[in-house]
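Here's the structure, in C-alpha cells; my notes come after.
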Amino acid sequence: MLSDSMTRAGATGVLPLSRYNALMARQFKLPATPLRPNEAIAMIDLPLTMIKMPHHKRLAHANQQGIPLQIKQPELPQLRIIHLRRLFPNGVSVNFYGSLNMVAVPDQYYDQIKPATIDHVYALDLTPKQRRDKKLMKSFFKLSQDTKKRSYLTAVRNENGFKRYRVTTKEERSGFVRADLLLRKPNQDRANANFGFYMYIALFIVLTFMLATGSIIMLKQLSEAQEEILQYKTLKRIGMTYSEIKRTIYFQILIIFLLPIILGTLHAIFAIRLLSLFLDNPGLQLVYIVCGIFIMIYFVFYLVTAEIYNRIVNIPLNDDALY
C-alpha cells in the first residue's frame, strides 16, 4: 500500500494512455502498456523500495484489485492503479521536480475529465549537430537559468473547501516552481559527474580496506609458518606424504580466508539492499558485481598465501629427507 500522505487528495497530472505510451516508447524505448477501462498507471517520484508494493509486476492479482483512485468528479467511476512507475514522460523536472504526481488513464476516461488547469509541455529533440553547437547550447542554458521564466504550481480552495491546483507564470512564493525551459543534457552530465565522483571515492575506500585486510591475513599466516614447521615435521615422521601435507596446508589457509569472505559477502548484500532505498533499487546486479570482485580479490590472496606457506614448510621437510 502507499503511505497515507500519498493516498490523500493532492495535485495530480493526468495523461491519456495513448499519449503516455507514445512518449514512453520514444523516450525510453518501452513497450505499450494496455489498460482496462477502470485501470490506471501512477508515476511517483519515490524510490520504489520505499513503497510497500511489488513494482516489477502488475499490482492487480486475483484477490487484489490494485489501489483505489478517485478523481473529484462524482460522475466519474473509481479507478484502480495496477502499475506503479518512477519514469515520468519528459522527466521528473517537468512535473515540478516530483511535486506533481502523474496518472495515465484510458483515453475514454481522460475525455470525461474536467481539469482544474491544463499544463502544456513541449519536448524538443535536438540533433547531434545541434547538441555540439556550443553557441546554441549556451543560449539554451542561459534561458533555463533565467529566474523570470518560471512556472508555479499553486493551490486555491474553492467554496466546498477542496483544493484546486493551477499552473501559472505569476510568481507564487507558496507554490512549487520549475523553469520554463528544461535541458536534459546539462542535468544528465551533472548527475553523471556526481555519480562518478561518489563511485570513485567508494571504490577507492573499499579496495583500500580489502587490500589491507587481505595483506594482514596473509602476513600473519606467513609469520606463523616458521613456528609450525616442527608440527609438520612430526606429521612427516608418522607417515604423511608431501601431497597430503600440501592439501592440509591449502585446506587450513582456505578455512582462514573463508570466514572473512562469507562475512564480507553477507555485509555487502545487506548494505547494498539497504542503500537501495536511496539508490532507487539497483536490484541484484550490483550485488553480484561487488561480491564477485570481493571474492576474486580474496581468492588471489588465498592462492598466494597458500603457495608461499607451502614452500616455507616443505623446504625444511625436504632438507630433512635428504639428510
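Heads up: numbering here begins at 1 and tracks the sequence. On a predicted model such as this, the values are computed, not experimentally measured, just so you know.
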Going by heavy atoms in the side chains, are V304 and M218 under 4.5 Å from each other? yes
Answer yes or no: are there more than 12 heavy-atom neighbours, outside I118 itself, under 6.0 Å from its atom CD1? no
Out of curiosity, does F299 fall in the hydrophobic cluster containing L266 (side-chain heavy atoms, cut-off under 4.5 Å, transitive links)? no
Pair E228-Y309, side-chain donor/acceptor within less than 3.5 Å: yes
Taken to the nearest 0.5 Å, the spacing of N90 CG from M102 CE works out to 9.0 Å
Would you give me the side-chain donor-acceptor pairs under 3.5 Å for residues 249-259, sequence neighbours excluded?
from, atom 1, to, atom 2, distance (Å)
Y250, OH, E307, OE1, 2.7
Q252, OE1, Y232, OH, 2.9

Go through it in stages, so that I can follow the logic: the residues are K138 and K135, the test is side-chain contact (heavy atoms from CB on, under 4.5 Å), and I'd like the CA-CA distance, side-chain angles, deciding distance and then a yes or no. CA-CA 5 Å; K138 186 177 181 180; K135 186 176 180 180; 5.8 Å; no
Within-4.5 Å side-chain heavy-atom neighbours: I217 and P260: yes
When rounded to the nearest 0.5 angstrom, what is the spacing between NE2 in H267 and OG1 in T265? 11.5 Å
Euclidean distance, I245 CD1 relative to N310 CG, rounded to 0.5 Å: 9.0 Å
Can you check whether L126 reaches F140 side chain to side chain, under 4.5 Å on heavy atoms? yes
side-chain contact (heavy atoms from CB on, under 4.5 Å) assessment of S18 paired with Y110: CA-CA 10 Å; S18 59; Y110 177 82; over 6 Å; no
According to a hydrophobic-cluster definition based on side-chain heavy atoms being under 4.5 Å apart (Ile, Leu, Val, Met, Phe, Trp, Tyr only), do L15 and F28 belong together? yes
So do P68 and R80 actually touch side chain to side chain, heavy atoms under 4.5 Å? yes
With ring pair (Phe, Tyr, Trp, His ring centres under 6.0 Å) as the test, would you mind laying out the steps for Y298 and F294 before giving the verdict? CA-CA 6 Å; Y298 270 88; F294 180 79; 4.8 Å; yes
Within this structure, what is the OG1-CE distance for the pair T33 and M24, rounded to the nearest 0.5 Å? 7.5 Å
Within this structure, what is the CG-OG1 distance for the pair L69 and T12, rounded to the nearest 0.5 Å? 7.0 Å
Below 4.5 Å, heavy atoms only, C-beta onward: do M43 and N101 meet side chain to side chain? no
Is any side-chain heavy atom of I41 less than 4.5 Å from a side-chain heavy atom of L35? yes
Heavy-atom side-chain contact between K114 and Q73 under 4.5 Å: yes
Would you check if F301 and L211 make a side-chain contact, meaning some heavy-atom pair closer than 4.5 Å? yes
For side-chain hydrogen bond (donor to acceptor under 3.5 Å, both in side chains), just list the numbers for Y20 and R85, CA-CA rounded to whole Å, side-chain angles, deciding distance to a tenth of an Å, and then say yes or no. CA-CA 12 Å; Y20 170 81; R85 306 279 171 80; 3.0 Å; yes
